[in-house]
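Keep in mind it's a predicted model, so treat the numbers as computed, not measured.
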Amino acid sequence: TFFNTTPDSLSIDQAALLVGLLKAPSRYNPVKHPDNALKRRNLVIGQLHKYNFLTQEEYDSIRQLPLALVYKVENHTIGLATYFRSAIRDFLLKWTKDNGYDLFEDGLRIYTTIDSRMQQHAEEAVEEHMKELQKKFEQHWEGQNPWINEKGVEIKDFIKTTSENIEIYKNLVKEYGEGHDSVAIMMNTPEPMKLFSWEGEVDTVVSPIDSIKYNKRFLHAGFMAMDPHTGYVKAWVGGINYKFFKYDHVMQGKRQVGSAFKPIVYAAALDNGYTPCDEVVDAPVTFRMPGNPPIWTPKNASGRYTGQKMTLRQAMSRSVNSITAYLMKQLGPQRVVDYARKLGIMGPMEPVPALCLGASDVSVYELVGAYSTFVNDGVWTKPFYITRIEDREGNILQEFVPRKKEAISEETAYLMIHMLKGATEEEGGTARGLSKELREDNEIGGKTGTTSNHSDGWFVGITRDLTAGAWVGGEERCIHFRTLAEGQGARTARPIWEKFMLKIYEDPALPYEKAPFQKPSKPISVELDCDKPKEDSEKKDDNSLEQEVDSVEKKPDFQLDENEIF
C-alpha cells in the first residue's frame, strides 16, 4: 500500500516506517500526517542504532532519507479483470464457507484461466470501440433523451421511475417516509459527486436525479473469449467501467440475442438430416397460434422476400429470417429448445416460433460456450475459469475440471463451422466487413445479432483456437439507436471482436496464429461444394419431409406473446 513492493524487498527506512505505524496507525499515517510518520520512523531507526543493528554512518545516512511513498491502496475497482473478480466472488465465498476457510484472511491462492495479456487486449478493444461508439450515440441523440417507447416517443417519467429503484432513493424513503416532500427535495439537491466519462473521472456538483439522467445515456458492453478445446476463459470484460457500473454483462446480464441464436436452429437442422447445400425458397412462413391475429409470419430485416432459392449456408450467412422460420416449422420449437439446452443455453426458453429469431434472453457466457461446441468437435464444455485453490503454503486444497458433454455429432459440428464461415465467404455475409488484415490467410466464422428496435447488438466469432463474443446495448432496453444502420450488431458489437483478434495476432508473446479449422477425424458424408451437381441419392426424401411437416402441424398450437421482440 505505501511502497508498492513486497515485504522481502523493503529497505530499512521503509520497514522502520511500517513498524512505527503499529503504535498508532492513524496518528502516524504517512499520507495524512507525514511529519508525525517521519519522526516516528526515525525513532525506530534510532533504536536500531542503539542496539547495534546499524552503524553510526548507516544511521546518519538513513535518517536523512525522505518518506518516498508510492501510495496505492489495493482496490477491487481498478486493475485488470475487475468484473471477472467480482463474478467469481460468490463462488469463492461459498467454497470457503463449505470448506472451513476465510476468503479474506487465510491467504488462499486462487488460480484462474484468465491470461493477463489477453485480458489487457480485451479491455483495450472494448474501451477503444465503446469510446467512439458513445460519441456517435451522443451525436445521434443530440438535444434529445434516448429512452423511447416502441413508437419512438420519449418515455415520460423514465428517470423518476428509474430513480425509485436505486439505493439513495430507498434510503431517503426509509428516513423520511414514502411520498414525503423531503425525498424529492434531497433527490434534486446538488452535492459533490464523481461521474464517469471516457475522458476520465469528472469531479462535479450534481443532484442524484441529474446523475441518473447522465449515467443512463451510456452504452454498455460485455465481452468474453475462451479456448474452445479446453473451455478455459481467457478474457472477461463485463462492462465499460467497474467503479461506476458494477453490473456484469458477461454472466449476470442476459439480453435477447436476435439472429445470433440462428446457428442453434441450423445446428438442430444439420443434426437431423439437412445439409448446408439444401435449398429453400425465401418466402413467407406462417405459424398458426391463438390470439388476434391467429397467425404469425416473421418478416425479413429488409421487409421483403426475394422468392429465390438459396442454400442453407447462404441463408445463414445473410441472416434471412424466412428460411430460419422454415427450419423452425420443420423441426418444431421444442426440438430447437432441446438443442439449445445441449449447447449450454440454460435460461428460460419457451418453445414458441419466435425463438428461431432469438426472442429469449441469453448471456454472453452461455452463447460463447455454445459456439465453442462447433469448434470442439461437437463436445460442449462449460466455460471454465478456476483451475485450483491452494493454501498459503502452496498445498492444493482442490483442483477443478471442466464439465463436458457430447452435444452434437462431430460431423454436424464441422458442418456448422462451414456454415459460420459463410458469413465471411458468401456474398452478402454479415461478417464480410471484417478487415482484410484479419481475414487474410485465416479461416473465420461468425454471426451477428440485432434485436428489434436495435436494443441489443451481438457478434460471436470463431477461429481454430479461440471463440469470443460481444454484446452492446443500453442499460435499459428502451435506450438504443433509432435506425438499423447505426444499431445493428455489425456496427455495435462486431468491431470489439475484430479489434481484439487483431491485437491477439499482433502479440508475439501469445501462441495464437492465423490458421484453417481442424478437419474432423472421419471424412464427412455430405457435399460442401454447393455448386457441384448433386446425385439423386444425396437428395432429401420429399415424402419424409411431408411427414415431418404433418407431425409438426399436429402438435398443440404454439404460444406467442405479441410483445416478443424478434
- Query: Taking the side chain as C-beta and beyond, is there a heavy-atom pair between I62 and L54 under 4.5 Å?
  - Reply: yes
- Task: Would you please name every residue forming a ring-ring contact (aromatic ring centres under 6.0 Å, His included) with F245, sequence neighbours left out?
- Result: F196, F218, H220
- Message: Counting only heavy atoms not in E164 (residues, nucleotides, ligands), do more than 12 fall under 6.0 Å from its CD?
- Response: yes
- Message: Using side-chain heavy atoms (C-beta onward) and a distance below 4.5 Å, is F3 in contact with L10?
- Response: yes
- Item | Pairs meeting criterion side chain to side chain donor-acceptor pair (under 3.5 Å) with involvement of residues 388-400, two or more places apart | W95-Q398, Y111-E390, R388-E390, D391-N395
- Query: Can you name the one residue among F223, W236, F91 that meets ring pair (Phe, Tyr, Trp, His ring centres under 6.0 Å) with F84?
  - Reply: W236
- Side chain D210, main chain V206, donor-acceptor under 3.5 Å: no
- Can you tell me how far the OG1 atom of T424 sits from the NZ atom of K421, to the nearest 0.5 Å? 8.0 Å
- Message: Once ring-ring contact (aromatic ring centres under 6.0 Å, His included) is applied, do any residues pair with F53, and if so which ones, sequence neighbours excluded?
- Response: none
- Task: Could you list all the salt bridge (charged side-chain N to carboxylate O under 4.0 Å, His left out) pairs where at least one residue sits in residues 17-30, not counting sequence neighbours?
- Result: none
- The salt bridge (Lys or Arg N to Asp or Glu O under 4.0 Å) partners of E123 (sequence neighbours excluded) come to none
- Message: On a heavy-atom basis, which atom in H480 and which in S455 lie closest, and how many Å separate them?
- Response: CD2-OG, 3.4 Å
- Look only at the side chain of R217 and the backbone of Q134, and say whether a donor-acceptor pair between them is shorter than 3.5 Å. no
- Report yes if some heavy atom in the side chain of M224 is under 4.5 Å from a heavy atom in the side chain of P383; otherwise report no. yes
- Taking the side chain as every heavy atom from C-beta outward, state whether Y385 and I114 have any pair of such atoms under 4.5 Å apart. no
- Message: Between K194 and D203, is the salt bridge (Lys or Arg N to Asp or Glu O under 4.0 Å) condition met? List the steps.
- Response: CA-CA 5 Å; K194 290 181 182 291; D203 280 302; 2.7 Å; yes
- Note on the structure: Per side chain to side chain contact (heavy atoms under 4.5 Å, CB included), L65 is matched among I45, D13, I12 by D13
- Query: Has the side chain of T96 got a donor or acceptor atom that lies under 3.5 Å from a matching backbone atom of L92?
  - Reply: yes
- Query: Is R63 reaching over with its side chain to a backbone N or O of N42, donor-acceptor style, under 3.5 angstrom?
  - Reply: no
- Message: Within the supplied structure, the quantity of interest is the number of heavy atoms (other residues, nucleotides, ligands) at a distance under 6.0 Å from E506 CD; does it exceed 12?
- Response: yes
- Query: Are Q119 and S116 close enough that a side-chain donor and a side-chain acceptor fall under 3.5 Å?
  - Reply: no
- Task: Kindly check if the number of other-residue, nucleotide or ligand heavy atoms within 6.0 Å of CD (Q56) is above 12?
- Result: yes
- Task: Indicate yes or no for a side-chain donor-acceptor contact from N29 to the backbone of V31 under 3.5 Å, with no hydrogens or angles considered.
- Result: yes
- Task: Determine whether more than 12 heavy atoms belonging to other residues, nucleotides or ligands lie under 6.0 Å from atom CZ of R341.
- Result: yes
Side-chain polar contacts of residues 496-505 - donor-acceptor pairs under 3.5 angstrom, sequence neighbours left out - could you list them?
unit_1: E498; atom_1: OE2; unit_2: S435; atom_2: N; d: 2.7
unit_1: E498; atom_1: OE2; unit_2: S435; atom_2: OG; d: 3.2
unit_1: K503; atom_1: NZ; unit_2: E128; atom_2: OE2; d: 2.9
unit_1: Y505; atom_1: OH; unit_2: N442; atom_2: ND2; d: 3.2

- Message: With a 3.5 Å distance limit and no angle check, can you tell me whether Y83 reaches the backbone of Y242 through a side-chain donor-acceptor pair?
- Response: yes
- Task: Answer yes or no: is there a side-chain heavy-atom contact under 4.5 Å between E366 and M346?
- Result: yes
- Task: Return yes if some donor-acceptor pair links the side-chain N/O of D507 with the main-chain N/O of A509 below 3.5 Å, else return no.
- Result: yes
- Would you say N215 and I212 make side-chain contact, with heavy atoms under 4.5 Å? no
- Item | Partners passing ring-ring contact (aromatic ring centres under 6.0 Å, His included) against F384 (at least two apart in sequence or in another chain) | Y232
- Task: Examine the side chains of H454 and Q488 and answer whether a donor and an acceptor come within less than 3.5 Å of each other.
- Result: no
- Name all residues meeting the side-chain contact (heavy atoms from CB on, under 4.5 Å) criterion together with S61; count only those two or more places apart in sequence or in a different chain, and write none if there are none. none
- Message: Under the rule for ring-ring contact (aromatic ring centres under 6.0 Å, His included), what residues qualify as partners of F517, not counting sequence neighbours?
- Response: none
- Item | Test item: L434 and R494 side chains (from C-beta on) under 4.5 Å apart, heavy atoms | yes
- Message: Minimum heavy-atom separation for V126 and G239, please, with both atom names.
- Response: CG1-O, 4.4 Å
- Message: Determine whether a donor-acceptor pair (N or O, by modelled atom type, separation under 3.5 Å) exists between the side chain of S363 and the backbone of G253.
- Response: no
- Task: Please test K94 against D90 for salt bridge (Lys or Arg N to Asp or Glu O under 4.0 Å), starting from the C-alpha separation and ending with a verdict.
- Result: CA-CA 6 Å; K94 184 179 184 305; D90 289 343; over 6 Å; no
- Message: With a 3.5 Å distance limit and no angle check, can you tell me whether E440 reaches the backbone of E437 through a side-chain donor-acceptor pair?
- Response: no
- Message: Test side chain to side chain contact (heavy atoms under 4.5 Å, CB included) on K72 and T1; report intermediate values, then the result.
- Response: CA-CA 5 Å; K72 187 177 182 182; T1 300; over 6 Å; no
- List the atom of G457, the atom of T492, and the distance in Å for their closest heavy-atom pair. CA-OG1, 3.4 Å
- Item | Cation over ring face, K405 and W380, 6.0 Å, 45° | yes
- Aromatic ring pairing F137/H140, orientation class (parallel under 30°, perpendicular over 60°, tilted between): parallel
- Check salt bridge (Lys or Arg N to Asp or Glu O under 4.0 Å) between E191 and all other residues, then give those that pass, not counting sequence neighbours. none
- Message: Counting only heavy atoms not in K382 (residues, nucleotides, ligands), do more than 12 fall under 6.0 Å from its NZ?
- Response: no
- Task: Could you check if a side-chain atom of T230 sits within less than 4.5 angstrom of a side-chain atom of T381, using non-hydrogen atoms only?
- Result: no
- For K246, what residues pass the salt bridge (Lys or Arg N to Asp or Glu O under 4.0 Å) criterion, not counting sequence neighbours? none
- CD1 (I110) with more than 12 external heavy atoms under 6.0 Å: yes
- Query: So with a 6.0 Å cut-off around CD of Q518, is the heavy-atom count from everything else above 12?
  - Reply: no
- Within the distance-only criterion (no hydrogens, no angle test), does the side chain of Q252 pair as donor or acceptor with the backbone N or O of H249 below 3.5 angstrom? no
- Quick one: salt bridge (Lys or Arg N to Asp or Glu O under 4.0 Å) partners of K243, sequence neighbours excluded? E201
- Which pair of heavy atoms, one from S163 and one from I166, lies closest together, and at what distance? O-CG1, 3.0 Å
